[in-house]
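Note that the structure is a prediction, hence the values are computed from the model and not measured. Every chain is numbered from 1, with letters handed out A, B, ... down the list of sequences. Values below: every heavy atom of this structure, side chains too, minus hydrogens, waters and symmetry copies.
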Amino acid sequence: MKKYRTHNCNDLRKSLVGQSVKISGWINKKRDHGNLLFIDLRDNYGITQCIIDKDNLRFTELEKMQLETVVKIEGEVVNRSKETINKDIETGEIEVSIKNFEVLGTCKELPLPVFSDQEYSEEIRLKYRFLDLRRKKIHQNIILRSKVISFIRSEMNKLGFLEFQTPILTSSSPEGARDFLVPSRLNPGKFYALPQAPQQFKQLIMVSGFDKYFQIAPCFRDEDARADRSPGEFYQLDLEMSFVEQEDVFDVVEKLMVKVFKNFSNKNLLFESFPKITYSDAMLKYGTDKPDLRNPLIISDLTKLFNRDDISFKIFKDLIKKGSIVRSIITKNTKDKPRSFFDGIDKWAKEQGSSGLAYFTIEKNDKILGKGPVGKFFSEESLVELMKLTKAEIGDTVFLSCGKQNEVEKILSIARTKIAQDLGLIREENFAFCWIVDYPIFELDEITKKIKFSHNPFSMPQGDIDKLDLSNPLSLKAYQYDIVCNGIELSSGAIRNHIPDLMYKLFDIAGYSKQDVDQKFSGMINALSYGAPPHGGIAPGIDRIVMLLADEKNIREVTMFPMNQNAQDLMMNAPSEISENQLKELNLSLKAKK
RNA sequence: GGGGGUGUAGCUCAGUUGGUUAGAGCGAUCGCCUGUCACGCGAUAGGUCGAGGGUUCGAGUCCCUUCACUCCCGCCA
């Protein structure tokens, strides 16, 4: 007979009544009746009720046992009487009558209760993560994560992708996020960087002729955290394919996502073929390149409408003369909403740092008119035109924002979410995926006024490469795409630029000389000049996928051992100081603290 | 770097307009209880009200500074 258990805590059923069994686990809960004691024993698989009474010589000893003590229980599986069956647990028809027990691991007084639906501060949860992880919800989330990753691996294998590991210690790259740096002992004064993503390696794998690569890849970026962004490290399903166009990548990822989301969630997929929205359309209609398509509200541009002489909205007209734009959000059939609703939105918008949202409702008595604070500025004819432009109808409300383009985009983007939430328009039981495509290669840096790469410097420009006109770089689009679900950016990818000459030209526009490129991207630029296949890929974020599947708002709920917002591991005490000796070996000295 | 929220018993929280000895539930300890499954009942212990300073006859409560956690902006090719 096995030493610790013959069954786990979710194995025992009616069919085993009468058997002698051993089960091991944690004391989840005790219910002490003085002369009769119930113990819920818990392990990874489930809970079994065990029972002991005062006839057993060791009754008092077990009665005093702390919750979360690890014990081995030996006893007999017995039937529960009809009235005492517990339908909430799978083993609820039976219980184990305790003959003997052994303490396998004692437990001090708990800093946080394990068996409870209460919420606790992140601080205490992260410090005692091993206790927190015993709790049902997060325990299940982590198991879900494991299953999702296995599923993805198996699907990728079926599709003919090969899984490879790429280096963790690599070189710092000048573009993108801040690097985590690791000093080199053998090369004093030099540093490795942890990879922000295996970007160059996966392209080198294609150049090496492996055709299809994937990896559940750790990525390291030294940037500040958000609820959906772990500080420091996260995981991507990194993949790359040779001899493909954009559509080939979409095809693989779309099918994979549909399978994963159908397999691991009961929510509906609104689109099994994901809509493709151009970057510029997304910025216009949603104000962001990560729109939540569950939200039916659409933004329209009304700048030109304000050229009409029968609109007397002077403040907006003056701003437009100075280069501002006007865009709107229409809410359907909101004429009967109380004044406080509209003023609340305006007040909220001001709190967000904008100049607020003007609004009026379109009504019709004898004629069509605008009702509300700024409604009087619009003639009937101008309202008819507005309704044509925005697809608004009688009874709808028009919210207006006027300002610099990026300001208007920003406020209307969050206003779109806010208004939809207030009106209850977002269906939580749905997943809405989409592709954002046709990203510009370059953008203007607001501060330096210089041209810089807007996303990935390795993306292939769209159009006929031989006839590419580089004289107007800001108009160039790339085969660069993002996948977005419910307003969360899951990943970005691209068809890569595998032509060294073209790459030099593009880097030149962003201010990198040939020497810069040769030095900073030596591995890759060199490889591309020895016969590189056309290739492309993408890298969906694993943590965010699991977050969506687990219906969690915070990435730490699907991360086993996360760091806190200040990038500290409260359980392991990282980061920590190091010894003088370690510093010396690394040829480093620290500046004196202020 | 900036803005918001939170900080009171081991845990989750309440604490009125500034006013007597700062409370509750869970947990802990002790006692009672043989069918519970959030078992029940009784008692006890447990507090630098995040820290420091100020206003006041008097501060958990008001003011200033600061720290921690968290959400957001910046940042995240």
Side-chain angles (χ1 to χ4, degrees), chain A residues 28-42 47-56 59 63-64 66-68 78 80-89 91-92 95 97 107-128 131-132 173-179 196-197 199-200 219-232 234 290 351-353 410 414 439 441-443 445-447 452-459 478 480 482 489 492-494 506-507 510 512 520-521 539 541 553-554 556 564-566 568 570:
Chain A
N28 191 58
K29 193 72 189 166
K30 286 186 300 187
R31 289 175 296 280
D32 189 352
H33 291 239
N35 293 312
L36 176 73
L37 171 67
F38 296 97
I39 285 188
D40 289 340
L41 199 69
R42 182 196 74 240
I47 285 180
T48 302
Q49 174 167 284
C50 306
I51 183 165
I52 188 170
D53 70 18
K54 66 172 180 199
D55 294 341
N56 191 308
F59 176 84
E63 197 183 22
K64 294 218 168 5
Q66 283 275 355
L67 296 183
E68 294 304 308
V78 296
R80 293 206 205 179
S81 68
K82 236 180 202 152
E83 317 81 67
T84 60
I85 285 173
N86 183 353
K87 290 187 190 113
D88 297 334
I89 56 173
T91 60
E95 60 197 7
S97 173
C107 181
K108 298 199 286 188
E109 190 179 338
L110 295 165
L112 63 97
V114 171
F115 177 70
S116 161
D117 291 329
Q118 267 178 24
E119 305 222 9
Y120 316 98
S121 72
E122 293 267 345
E123 199 172 359
I124 200 110
R125 290 182 60 193
L126 293 182
K127 185 168 180 191
Y128 296 97
L131 291 178
D132 190 38
S173 67
E175 285 286 317
R178 203 175 287 116
D179 284 317
Q196 296 177 23
Q199 178 64 38
Q200 295 189 59
C219 303
F220 305 90
R221 296 178 192 175
D222 188 4
E223 299 293 352
D224 290 351
R226 289 289 183 278
D228 64 351
R229 200 165 83 203
S230 291
F234 60 98
K290 37 184 180 177
E351 283 164 7
Q352 303 305 308
K410 199 167 170 182
I414 55 175
Y439 276 84
I441 297 185
F442 297 108
E443 65 186 13
D445 190 307
E446 289 290 327
I447 299 157
K452 62 174 189 180
F453 285 107
S454 65
H455 283 78
N456 187 321
F458 307 120
S459 300
Q480 160 99 37
D482 273 16
E489 182 190 321
S492 53
L506 296 175
F507 268 101
Y512 293 89
K520 296 291 184 185
F521 306 100
K553 297 272 178 283
N554 192 300
R556 291 185 295 274
N564 70 7
Q565 193 169 43
N566 294 322
Q568 299 159 338
L570 299 176

Asker: My understanding is that a pair needs two contacts under 3.5 Å, Watson-Crick or G-U wobble. By that rule, which nucleotide pairs with B/rA59?
Answerer: none

Asker: Tell me whether the OP1 or OP2 atom of B/rC73 has a side-chain N or O from A/Arg226 closer than 4.0 Å.
Answerer: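 Answer is yes, contact under 4.0 Å.
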
Asker: Report the base-pairing partner of B/rA24 (Watson-Crick or G-U wobble, both distances below 3.5 angstrom), or none.
Answerer: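 Result: B/rU12.
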
Asker: Could you tell me how far B/rG74 sits from B/rG3 if I compare only their C1' atoms? Round to whole Å.
Answerer: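 Each nucleotide's C1' atom is 11 Å from the other's.
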
Asker: Do A/Phe458 and A/Gln199 come close enough that some side-chain heavy atom pair is under 4.5 Å?
Answerer: yes

Asker: Taking atom P in both B/rC57 and B/rA68, what distance in whole Å separates the two?
Answerer: 35 Å

Asker: Taking 4.0 Å as the cut-off, does a side-chain nitrogen or oxygen of A/Asn554 come that near to OP1 or OP2 on B/rC71?
Answerer: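 Result: yes.
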
Asker: Would one find a side-chain N or O of A/Gln66 under 4.0 angstrom from OP1 or OP2 of B/rU29?
Answerer: yes

Asker: Side chain of A/Arg178: nearest nucleotide among B/rC75, B/rC76, B/rU36?
Answerer: B/rC75

Asker: Just checking A/Gln196: base, sugar-phosphate only, or nothing, at a heavy-atom cut-off of under 4.0 Å?
Answerer: nothing

Asker: Ring-on-base stacking between A/His33 and B/rC39, under 5.5 Å between centres and under 30° between planes: is it there?
Answerer: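 Yes; by the centre-distance and plane-angle rule, A/His33 counts as stacking on B/rC39.
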
Asker: Measure CG/A/Leu37 against P/B/rC33 and give the value in whole Å, please.
Answerer: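 It works out to 14 Å between those atoms.
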
Asker: With a non-hydrogen cut-off below 4.0 angstrom, is A/Asp222 in contact with a base, only sugar-phosphate, or nothing?
Answerer: nothing

Asker: When the P atoms of B/rU29 and B/rG46 are compared, how many Å lie between them, rounded to an integer?
Answerer: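 Here B/rG46 and B/rU29 have their P atoms 16 Å from each other.
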
Asker: When you measure from the side chain of A/Ile124, which nucleotide among B/rU12, B/rC30, B/rC71 comes out closest?
Answerer: B/rU12

Asker: Could you check if a side-chain atom of A/Glu123 sits within less than 4.5 angstrom of a side-chain atom of A/Asn564, using non-hydrogen atoms only?
Answerer: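 No, their side chains stay 4.5 Å or more apart.
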
Asker: With C1' as the reference atom in both, quote the distance from B/rU17 to B/rG1 in angstrom, rounded to an integer.
Answerer: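 So the two C1' atoms sit 39 Å from each other.
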
Asker: Any N or O donor-acceptor pair linking the side chain of A/Arg229 to the base of B/rC76 at under 3.5 Å?
Answerer: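 For A/Arg229, whose side chain was compared with the base of B/rC76, there is a donor-acceptor pair (under 3.5 Å).
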
Asker: Expressed in angstrom and rounded to an integer, what is the separation of A/Asn28 atom CG from B/rU36 atom P?
Answerer: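 Rounded to the whole Å, the gap is 19 Å.
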
Asker: B/rU12, B/rC37, B/rC33: which one has an atom nearest the side-chain heavy atoms of A/Thr84?
Answerer: B/rC37

Asker: Aromatic rings A/Phe453 and A/Phe507: how do their planes relate, parallel, tilted or perpendicular, breaks at 30° and 60°?
Answerer: perpendicular

Asker: Is A/Arg31 near enough to B/rC39 that one of its side-chain N or O atoms lies under 4.0 angstrom from OP1 or OP2?
Answerer: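 True: A/Arg31 side-chain N/O within range (under 4.0 Å) of B/rC39 OP1/OP2.
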
Asker: Once you apply the 3.5 Å cut-off to both distances, tell me the Watson-Crick or G-U wobble partner of B/rG7, or none.
Answerer: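 Pair assignment: B/rG7 / B/rC67.
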
Asker: Between A/Leu67 and A/Phe115, is a side-chain contact (heavy atoms from CB on, under 4.5 Å) present by the stated rule, with each step listed?
Answerer: CA-CA 9 Å; A/Leu67 296 183; A/Phe115 177 70; 5.9 Å; no

Asker: Is there a donor N/O on one and an acceptor N/O on the other, under 3.5 Å, for the side chain of A/Arg80 and the base of B/rC37?
Answerer: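 A donor-acceptor contact between them is present.
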
Asker: Tell me the partner of B/rG1, counting only Watson-Crick (N1-N3 plus N6-O4 or O6-N4) or G-U wobble (N1-O2 and O6-N3) with both under 3.5 Å; none if nothing fits.
Answerer: B/rC73

Asker: As a test of reading the structure: which of B/rG27, B/rC11, B/rC69 is closest to the side chain of A/Pro113, going by heavy atoms?
Answerer: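 So the side chain of A/Pro113 is nearest to B/rC11.
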
Asker: Could you tell me the Watson-Crick or G-U partner of B/rC41, where both distances fall under 3.5 Å? Say none if there is no partner.
Answerer: B/rG31

Asker: Does A/Glu123 get its side chain close enough to the base of B/rG7, under 3.5 Å, for a donor-acceptor pair?
Answerer: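 Between B/rG7 and A/Glu123, which were checked side chain against base, a qualifying N/O pair under 3.5 Å is absent.
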
Asker: Would you indicate what A/Asn564 reaches in the nucleic acid, counting non-hydrogen atoms under 4.0 angstrom: base, sugar-phosphate, or nothing?
Answerer: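 Sugar-phosphate contact only.
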
Asker: Any heavy-atom pair between the side chains of A/Arg31 and A/Gln49 that's under 4.5 Å?
Answerer: yes

Asker: Should A/Gln568 be listed as having a side-chain N or O under 4.0 Å from OP1 or OP2 of B/rC69?
Answerer: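 Looking at the OP1 and OP2 atoms of B/rC69, one of them is under 4.0 Å from a side-chain N or O of A/Gln568.
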
Asker: Between B/rG7 and B/rG50, how far is it from one C1' atom to the other, in whole Å?
Answerer: 6 Å

Asker: Looking at the base of B/rU70, is there any donor atom on it, or on the side chain of A/Arg556, that sits under 3.5 Å from an acceptor on the other one?
Answerer: no

Asker: Just compare B/rG25, B/rU34, B/rA28 and give me whichever is closest to any side-chain atom of A/Leu67.
Answerer: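 In terms of side-chain proximity for A/Leu67, the closest of B/rG25, B/rU34, B/rA28 is B/rA28.
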
Asker: Determine the interatomic distance between C1' on B/rG40 and the same-named atom on B/rG25; round to the nearest Å.
Answerer: 16 Å

Asker: Between B/rA24 and B/rG15, how many Å separate the two P atoms, rounded to a whole number?
Answerer: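 Approximately 15 Å lies between the P atom of B/rA24 and that of B/rG15.
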
Asker: Between A/Tyr439 and A/Asp482, do the side chains contain an N or O donor and an N or O acceptor separated by less than 3.5 Å?
Answerer: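 Side chains of A/Tyr439 and A/Asp482: pair found under 3.5 Å.
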
Asker: When rounded to the nearest 0.5 angstrom, what distance separates CZ in A/Arg80 from OG1 in A/Thr91?
Answerer: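 Answer for the CZ-OG1 pair, A/Arg80 versus A/Thr91, is 6.5 Å.
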
Asker: Side-chain N or O of A/Asn86 versus OP1/OP2 of B/rC37: is the shortest distance under 4.0 Å?
Answerer: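 It does not, given that no N or O in the side chain of A/Asn86 lies less than 4.0 Å from OP1 or OP2 of B/rC37.
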
Asker: Judged by atom type as modelled, is there a donor-acceptor pair below 3.5 Å linking the side chain of A/Gln196 to the main-chain atoms of A/Ala177?
Answerer: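 Here the side-chain-to-backbone pair exists.
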
Asker: On the nucleotide B/rA68, are OP1 or OP2 found under 4.0 Å from the side-chain N or O atoms that A/Asn566 carries?
Answerer: no

Asker: OP1 or OP2 of B/rG27 versus the side-chain N and O atoms of A/Lys29: is any pair under 4.0 Å?
Answerer: yes

Asker: In whole Å, measure the gap between the P atoms of B/rG19 and B/rG58 for me.
Answerer: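 Nearest-Å result for B/rG19 against B/rG58 at atom P: 14 Å.
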
Asker: Taking only side-chain N and O atoms of A/Lys410, does any of them lie within less than 4.0 angstrom of OP1 or OP2 on B/rG74?
Answerer: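 Result: yes.
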
